[in-house]
Enquirer: 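What follows is a structure written as structure tokens; I'll ask about it next.
In each ligand, atom 1 is the first atom listed, and ligand 1 is the first ligand listed.
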Amino acid sequence: MQGAGPLLSVKNLYVKYKSYWYTYHVLDDVSINVKLGEKVGLIGESGAGKTTLLKSILRVLPTQGKITGGEIFYKDVDLLRCSKQRLLEIRRKNVGMIFQDPLAALNPVFTVKDQMLEVLRYANERADMNKSDLINMALDLLRDTLIPDPERVLNSYPFQLSGGMRQRIVIAMALASARELLLADEPTTNIDVTIQAQILKLIGDLVEKKGLSMILVSHALGLVRKMTDRVYVMYGGNIAEEAPTSKLFNEPLHPYMQLLLKTAPKLVESPLTEGIKSIPIDYRNPPTGCVFHPRCPYGDQEVCRKVKPPPIEVEKGRFVRCHLYGSGS
Ligand code: SF4
């Protein structure tokens, strides 16, 4: 179900990280959008810039990170120029984020109740709400995440709970603020592999039930395929390809996406035959031309080494940054 205009629109975003000696060009001209009710996937290797993109949207980059160009609009609110108050309001009431590491997202010295009530107070500035209303809201959120025995969990400390339980609490806390948009940043990275699919399914079901839009960052390509309407493929701080999910997985255009699919682990097919040449990007001095050219099977052309490919609309709603699809190719 998709509405008319974008709920979120990121245009030509540039982000740099600065250390004492170096500047790292982490996002380079990134544009994405999310429509009302839409589920969008963001895929690519670790270090491609996916987390930086999500943190830029909420303006929670670490202090070394600087947005140096572009714009981010949430509906008609310019998130890079609005007042701090307006930004806080959007974080409180509209957009929630599930961070990668549930243990880091929870404070070990406070009970789950203390932490959930704090989030709920923050998300519900209503004078008529008392503590027992907030506790009931916290229990409802925990029930939504199918946590067994929510009363006991609410009075526990994070270290007394399993990784899966902690991640469910983090999801419940994100849902307290995510009344329109949920940003889920590799929500299963640090939990047991046996329950990763379960947690992702839970997130998908809750997003559906609450009518939320979502950006899902995940390495689990099969689940991204099932859970999203459209996908952005990131490589080296760039969007390499953007396409409706089924088209991307059935007919990937960008050489990086083609390799990613070839090398994705499959349980029932032949073993891996081919890998992607492993050359980590030096963000202090990214490759000239196409950022993927040192690893691309077609990257020895002069144009690939010298000219950064622009986004090319190969069909309505489908973009690829690759010279193979440029004019005259
Ligand atoms: Fe490969 Fe060239 Fe396309 Fe980049 S532009 S992905 S190097 S073919």
Side-chain angles (χ1 to χ4, degrees), residues 10-16 23-33 40-53 68-70 215 217-222 224-225 228 230-266 272-329:
V10 176
K11 273 196 199 143
N12 311 111
L13 192 70
Y14 291 81
V15 174
K16 294 183 174 48
T23 298
Y24 298 80
H25 305 266
V26 180
L27 292 188
D28 179 23
D29 194 12
V30 167
S31 299
I32 67 163
N33 63 71
V40 168
L42 197 54
I43 60 175
E45 299 161 313
S46 301
K50 305 179 300 297
T51 299
T52 296
L53 176 55
T68 55
I215 301 181
V217 173
S218 178
H219 290 291
L221 297 185
V224 170
R225 186 175 190 167
T228 63
R230 210 153 49 82
V231 176
Y232 290 92
V233 182
M234 280 193 88
Y235 181 81
N238 288 253
I239 301 291
E241 186 167 354
E242 166 196 348
T245 306
S246 59
K247 288 201 170 173
L248 182 80
F249 281 92
N250 289 326
E251 189 202 334
L253 297 181
H254 196 281
Y256 172 62
M257 185 60 201
Q258 292 170 353
L259 287 173
L260 204 60
L261 282 184
K262 266 191 200 156
T263 54
K266 295 179 184 69
L272 299 182
T273 52
E274 200 174 335
I276 307 180
K277 268 191 271 172
S278 175
I279 307 171
I281 291 180
D282 180 354
Y283 282 100
R284 294 168 303 180
N285 189 17
T288 55
C290 172
V291 72
F292 187 54
H293 87 254
R295 299 171 80 182
C296 180
Y298 317 102
D300 51 4
Q301 307 170 74
E302 195 180 357
V303 67
C304 295
R305 285 183 274 113
K306 294 199 168 154
V307 183
K308 179 172 170 147
I312 294 155
E313 187 166 26
V314 287
E315 60 183 77
K316 196 170 168 10
R318 183 153 201 205
F319 294 83
V320 61
R321 267 187 195 261
C322 173
H323 291 302
L324 296 177
Y325 303 92
S327 56
S329 58

Enquirer: Got M257 and F249 here, is their nearest side-chain heavy-atom distance under 4.5 Å?
Expert: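 The answer is yes; the side chains approach within 4.5 Å.
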Enquirer: Go through ligand 1 atom by atom and flag the ones less than 4.0 Å from a non-hydrogen atom of C304.
Expert: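 Counting from 1, the qualifying ligand atoms are 2 (Fe), 5 (S), 7 (S), 8 (S).
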Enquirer: Using a 4.0 Å cutoff against the non-hydrogen atoms of G299, which atoms of ligand 1 qualify?
Expert: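 With G299 as reference, the close atoms of ligand 1 come out as 7 (S).
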Enquirer: Of the choices C296, P297, P287, which has the non-hydrogen atom that lies closest to atom 1 (Fe) of ligand 1?
Expert: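 Of the listed residues, C296 has the closest heavy atom.
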Enquirer: List every atom of ligand 1 that sits less than 4.0 Å from any heavy atom of L324, numbering the atoms from 1 in the order shown and giving each element.
Expert: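 Listed by number with element, the hits are 8 (S).
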Enquirer: Near atom 3 (Fe) of ligand 1, is there an N/O/S atom from C322 that is less than 2.8 Å away?
Expert: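 Yes - counting backbone and side chain alike, C322 has an N, O or S atom under 2.8 Å.
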Enquirer: Run the numbers for me: atoms of ligand 1, each under 4.0 Å from some heavy atom of C290, listed by number.
Expert: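 Reading through ligand 1 atom by atom, the close ones are 4 (Fe), 5 (S), 6 (S), 7 (S).
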Enquirer: Side-chain contact test, heavy atoms from C-beta onward, threshold under 4.5 Å: evaluate it for N33 versus R230 and give yes or no.
Expert: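 Answer yes - side chains close enough.
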Enquirer: I need the atoms of ligand 1 closer than 4.0 Å to a non-hydrogen atom of H254, numbered in the order shown.
Expert: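 Near H254, the atoms of ligand 1 are 6 (S).
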Enquirer: Any side-chain heavy atom of I281 within less than 4.5 Å of one from P287?
Expert: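 Heavy-atom side-chain distance check passes, below 4.5 Å.
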Enquirer: Can you check whether N12's main-chain N or O pairs, donor with acceptor, with S31's side chain at less than 3.5 Å?
Expert: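 At least one qualifying donor-acceptor pair exists.
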Enquirer: To which of H323, H293, E241 does the heavy atom nearest atom 7 (S) of ligand 1 belong?
Expert: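 Among H323, H293, E241, the closest heavy atom to atom 7 (S) of ligand 1 belongs to H293.
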Enquirer: Relative to the heavy atoms of Y298, which atoms of ligand 1 are at a distance of less than 4.0 Å?
Expert: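 Counting atoms of ligand 1 from 1, those under 4.0 Å from Y298 are 8 (S).
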Enquirer: Is there side-chain contact between K50 and I215, with at least one heavy-atom pair below 4.5 Å?
Expert: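 They are not in contact (no side-chain heavy atoms under 4.5 Å apart), so the answer is no.
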Enquirer: If we ignore hydrogens and angles and just use 3.5 Å, is the side chain of R225 paired with the main-chain N or O of T245 as donor and acceptor?
Expert: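 Such a contact is absent between R225 side chain and T245 backbone.
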Enquirer: Under a 4.0 Å N-O cut-off, is there an ion pair linking K308 with D29?
Expert: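 No, no charged N to carboxylate O under 4.0 Å.
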